[in-house]
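Reading through the structure tokens given below for one structure.
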Amino acid sequence: MSSKCQICQKKAVYGNNVSHSHVKTRRRWNPNIQTIHITTSGNRKKMNVCTSCIKAGKVE
């Protein structure tokens with residue numbers, strides 16, 4: 001599954017884990033992407049959408 005929202009284009013963000021001794025290791029924060037089925041003009045279609053777009057009502 002792609003980790004990019006097809007509505008708002010939200011995608012993974014990269015940064016560092018910082019330990020107590022200040023050792024940095026790379027990590028990523030993924031958006032909460034869900035696969036939903038939508039109906040547009042009579043056609044049923046799958047989309048990868050983040051949960052914030054679903055809660056905001058941007059998709060039906």
Side-chain angles (χ1 to χ4, degrees):
M1 181 188 311
S2 70
S3 60
K4 187 173 184 182
C5 178
Q6 293 179 340
I7 303 294
C8 67
Q9 309 304 319
K10 188 184 287 187
K11 58 185 177 183
V13 177
Y14 297 91
N16 290 320
N17 277 332
V18 182
S19 69
H20 179 70
S21 63
H22 213 65
V23 174
K24 296 181 182 91
T25 55
R26 296 300 284 175
R27 65 158 293 180
R28 62 188 278 177
W29 287 269
N30 292 321
N32 190 357
I33 302 291
Q34 304 294 320
T35 302
I36 62 168
H37 296 277
I38 63 165
T39 305
T40 53
S41 64
N43 295 329
R44 194 155 186 236
K45 180 176 162 181
K46 279 208 285 193
M47 289 187 77
N48 295 323
V49 182
C50 67
T51 52
S52 57
C53 287
I54 296 170
K55 282 177 75 173
K58 295 182 180 178
V59 290
E60 291 289 324

Nearest-0.5 Å distance, CZ of residue R28 to CZ of residue R26: 11.5 Å
Would you say that N16 contacts T25 through its side chain, given a criterion of any heavy-atom pair below 4.5 Å between the two side chains? no
Close side-chain approach of Y14 to R27, heavy-atom, < 4.5 Å: no
Within a strict 4.5 Å, meaning less than it, do heavy atoms of the Q34 and I54 side chains meet? yes
Any K11 side-chain heavy atom under 4.5 Å of Q9 side chain: no
S52: partners by side-chain hydrogen bond (donor to acceptor under 3.5 Å, both in side chains), with sequence neighbours left out: K10
To the nearest 0.5 angstrom, please state how far the CD1 atom of I33 sits from the CG atom of N48. 6.5 Å
Scanning both residues in full, the closest heavy-atom pair of C50 with C8 reads SG-SG, 3.7 Å
Taking all heavy atoms of K46 and all of Q6, pick out the closest pair and write down the distance. O-OE1, 4.3 Å
Quick check against the 3.5 Å criterion: does T39 have a side-chain atom that pairs as donor or acceptor with the backbone of N43? no
Distance in Å, I7 CD1 paired with C5 SG, rounded so as to fall on 0.5 Å steps: 5.5 Å
